[in-house]
Number of protein chains: 2
Amino acid sequence: MSSPRRITLKELAAELGVSTASVSNAFNRPDQLSPALRERILGEAKRLGYRGPDAKARSLRTGRSRIIAVVLAESLTYSLNDAVASELLSGIAEVLDAHGHTLLLLSGRQHASQAPGSASIADGFIAYGLLPPTLMVSADLPAQRPLVAVDFSPEGYPAVHIDNEPASHMIARHALRTPPRRPAIVSLRLTAEPCNGRVTQAHTQLPPEQTITRSRLAGFHRALEERGFTPSAVPIWNIEENTFEVCAPVIAEILDLPDEERPDLLLCMSDRIALTALTLAEQRGIRVPEDLRITGFDGIAEGQYRAPRLTTVRQDSVEKGRIAARMILGLEPAEPRLLHTALMIGDSCP
Amino acid sequence: MSSPRRITLKELAAELGVSTASVSNAFNRPDQLSPALRERILGEAKRLGYRGPDAKARSLRTGRSRIIAVVLAESLTYSLNDAVASELLSGIAEVLDAHGHTLLLLSGRQHASQAPGSASIADGFIAYGLLPPTLMVSADLPAQRPLVAVDFSPEGYPAVHIDNEPASHMIARHALRTPPRRPAIVSLRLTAEPCNGRVTQAHTQLPPEQTITRSRLAGFHRALEERGFTPSAVPIWNIEENTFEVCAPVIAEILDLPDEERPDLLLCMSDRIALTALTLAEQRGIRVPEDLRITGFDGIAEGQYRAPRLTTVRQDSVEKGRIAARMILGLEPAEPRLLHTALMIGDSCP
DNA sequence: CTGTTAGCGCATTCAA
DNA sequence: TTGAATGCGCTAACAG
């Protein structure tokens with residue numbers, strides 16, 4: 001079965017006895033040729049199975065591919081299963097779609113090792129949570145390609161953020177209205193060295209521009225201080241990956257502490273963490289919120305459908321994606337943006 | 001701010017006083033030049049900010065882009081929020097990543113209208129749930145590009161499926177062991193005309209090759225018949241989109257029927273539908289499984305973490321994605337595949 | 001081991 | 001309104 005090589009524009013032109021320019025125009029600039037000829041060309045094209053100009057050649061020639069790459073910090077496998085990342089992608093996809101662009105998914109890891117090539121096909125980049133290594137080959141060089149950052153702040157590029165510190169302060173403040181005996185914090189990727197468990201003095205924390213976690217922690221700490229707690233005395237457990245599987249053992253470690261040591265308030269940095277805590281607490285017969293109050297962060301749908309409903313901070317990740325996409329398409333100025341969040345008081349921490 | 005035009009391979013070669021071939025080889029075929037020269041080239045490249053061969057030109061020249069497109073039946077916005085579609089994408093991404101390929105996301109709709117161009121950049125296609133219109137420009141033409149179908153069966157292409165009919169039969173058989181008084185079916189995109197509500201004789205059903213729903217219905221009906229029910233007497237409600245928002249009103253309609261008409265068994269064609277039913281039943285004080293038994297389909301994580309745990313059929317969408325990806329990369333023969341499913345007996349229908 | 005050369009398929013000048 | 005010519009940046013033959 002010899003593949004009947006895809007017909008080219010040139011061949012189509014030859015077949016019709018017209019110039020390649022006319023065929024090109026028939027597809028790209030209808031006003032540049034007579035309707036009659038255009039119709040004839042399009043008809044013959046369809047008859048011969050010519051589907052229009054080849055994207056590879058077209059993008060080489062024009063320099064534009066109508067492809068925007070999204071570079072994700074985590075693996076695609078992980079990101080696609082994360083509600084927040086998925087929502088971000090939804091928002092991006094919505095805008096790109098509406099403007100005839102398509103979405104290329106890259107992961108930071110893959111990107112670094114192999115296939116450093118396919119990146120340069122994109123007209124622009126949206127980076128989520130980290131700066132793609134291939135783009136910072138030499139940091140002192142001027143920005144070479146349009147890039148918008150989401151949830152981190154690389155120097156020299158516009159970034160879209162939510163108000164992490166105030167949001168965290170707000171929810172912690174709410175939670176602390178009812179004074180806990182033993183508050184605790186469950187953070188997400190806070191430490192420089194991977195750590196699934198209790199954070200100690202030995203751990204160094206990631207720099208604030210590399211992780212939103214630091215801002216969230218700052219917000220928690222400010223609220224704790226205001227309520228008369230000593231922030232440094234409040235234990236922190238850390239989690240490296242926002243999945244049930246990774247969260248569960250850490251949460252179990254917390255919940256299985258002796259009654260007199262077990263926290264009665266968990267300030268969690270994501271809804272996934274909070275939901276895992278909710279599930280494991282249920283399994284152990286720990287009552288929420290009577291014995292244990294839990295707060296989340298993100299406002300993902302799953303946390304609002306189940307009972308008890310999660311007390312959390314809602315961030316609009318879809319909108320974050322829309323804005324990033326509009327920026328990269330030049331539909332709005334590429335300047336730093338800060339989105340606001342909303343406190344959602346559910347049943348897990350009334 | 002004049003953008004310092006990206007340096008080209010040719011310019012780099014000139015700068016170094018070597019041929020373009022050597023530079024190309026330095027990046028693509030290390031064994032084709034002396035380590036010394038290669039090192040010199042790579043060093044200078046880094047110094048000048050040359051990131052390697054341009055993907056656009058490279059793909060034109062070689063004919064391959066290392067990009068695989070996934071064409072989704074629904075909008076990207078929808079698909080990215082659907083657990084099953086996300087899992088499929090995860091599986092695909094996992095394999096593509098591992099082999100240095102990247103993932104281009106296309107939606108059937110967008111694809112049809114605009115940007116028919118960017119599709120031809122892909123080396124191959126994985127179509128989920130529908131045949132991309134641009135690919136069937138003339139059906140009688142031989143298959144022009146590698147394509148693998150998932151969850152539907154276009155003529156002339158390999159397809160990856162699960163055993164929908166036996167799986168549905170299996171779960172319905174289980175559910176009917178405890179004879180219900182009033183069983184009902186909640187289907188997903190069963191009808192040719194969009195319908196969110198009760199399905200009547202006036203509705204025509206989609207042809208089996210276009211929707212897996214028909215197979216699932218057949219499985220349910222076979223089990224009903226075996227248990228002495230008249231399939232045609234069992235009411236069907238249909239839902240067009242697998243989201244809480246769209247499911248909720250239809251489920252509400254069912255649950256708000258007078259007690260003596262309300263079904264006491266819901267055979268749902270997706271976990272999302274079943275979970276919505278679970279949530280709405282809870283809100284109404286309808287006890288599951290005492291007053292209402294519910295079965296799902298898919299085996300998504302969300303259904304297994306919550307209480308009561310969903311009785312469902314688990315399909316491995318991730319593996320489905322892996323297989324499709326391996327086929328499109330030529331890592332395994334492109335022939336029809338049928339994946340098996342597993343009955344998961346939870347609390348919603350013991 | 002290194003250099004020269006000829007396109008990949010197309011969009012866009014410019015001339016007719 | 002149409003056609004001929006040029007090269008986008010690169011890789012793969014081939015020649016040296």
Practice task
Check every strand shown and say whether B:Asn25 touches a base, only sugar-phosphate, or nothing at a heavy-atom separation below 4.0 Å.
Solution key: nothing
Problem - Nearest-Å distance for atom pair CZ/C1', residues A:Phe27 and C:dT12 - result: 17 Å
Practice task
Look at all strands and tell whether B:Leu60 reaches a base, only sugar-phosphate, or nothing, counting heavy atoms closer than 4.0 Å.
Solution key: base
Problem - Rounded interatomic separation in angstrom, taking NZ from A:Lys56 and C1' from D:dT11 - result: 15 Å
Exercise for the section: Decide yes or no on side-chain contact (heavy atoms from CB on, under 4.5 Å) for A:Thr211 and A:Phe152, but give the supporting numbers first. Expected result: CA-CA 6 Å; A:Thr211 175; A:Phe152 75 114; over 6 Å; no
Fill in the blank from the handout: Checking D:dG9, C:dC10, D:dA12 against the side chain of A:Thr8 (C-beta onward), the nearest is C:dC10
Practice task
Start with the C-alpha gap between B:Arg189 and B:Glu74, add the side-chain angles, then the distance that decides, and say whether salt bridge (charged side-chain N to carboxylate O under 4.0 Å, His left out) holds.
Solution key: CA-CA 12 Å; B:Arg189 288 186 222 98; B:Glu74 306 296 318; 3.5 Å; yes
Practice task
Could you check which of C:dT12, D:dC10, C:dC10 has an atom nearest any side-chain atom of A:Asp54?
Solution key: C:dC10
Problem - d(CD, A:Glu15; P, C:dG9) in whole Å - result: 16 Å
Problem - Distance in angstrom units between B:Ile41 CD1 and C:dT2 C1', rounded - result: 10 Å
Exercise for the section: Consider only side-chain N and O atoms of A:Ser90 and B:Asn81, and report whether a donor and an acceptor are under 3.5 Å apart. Expected result: yes
Exercise for the section: Evaluate the criterion side-chain contact (heavy atoms from CB on, under 4.5 Å) for residue pair A:Tyr128 and A:Leu89; output intermediate values, then yes/no. Expected result: CA-CA 10 Å; A:Tyr128 184 46; A:Leu89 288 173; over 6 Å; no
Completion exercise
Picking from D:dT1, C:dC10, D:dC10, the nucleotide nearest the side-chain atoms of A:Tyr50 would be C:dC10
Exercise for the section: Could you check how far CZ of A:Arg58 sits from P of C:dA11, rounded to whole Å? Expected result: 5 Å
Exercise for the section: Grab the CZ-C1' distance between B:Arg61 and C:dT5 for me, whole Å please. Expected result: 10 Å
Practice task
Round to a whole Å and report the spacing from CG of A:Leu33 to P of D:dT2.
Solution key: 6 Å
Exercise for the section: When you get a sec, tell me which of C:dG3, C:dC10, D:dC10 is the closest nucleotide to the side chain of B:Ser19? Expected result: C:dG3
Practice task
Look at the side-chain N and O atoms of A:Ser34 and state whether any lies under 4.0 Å from the OP1 or OP2 oxygen of D:dT2.
Solution key: yes
Problem - A:Glu39 atom CD, over 12 foreign heavy atoms within 6.0 Å - result: no
Exercise for the section: Could you check B:Thr20 against A:Gly17 and say which one's nearest nucleotide on DNA chain D is further toward the 5' end? Expected result: A:Gly17
Handout entry: A:Ser24 side-chain N/O to C:dC10 phosphate OP1/OP2 under 4.0 Å
Key = no
Problem - Phosphate-side-chain proximity, B:Ser22 and C:dG3, N/O vs OP1/OP2 below 4.0 Å - result: yes
Handout entry: A:Leu12 CG - C:dA11 P separation (whole Å)
Key = 12 Å
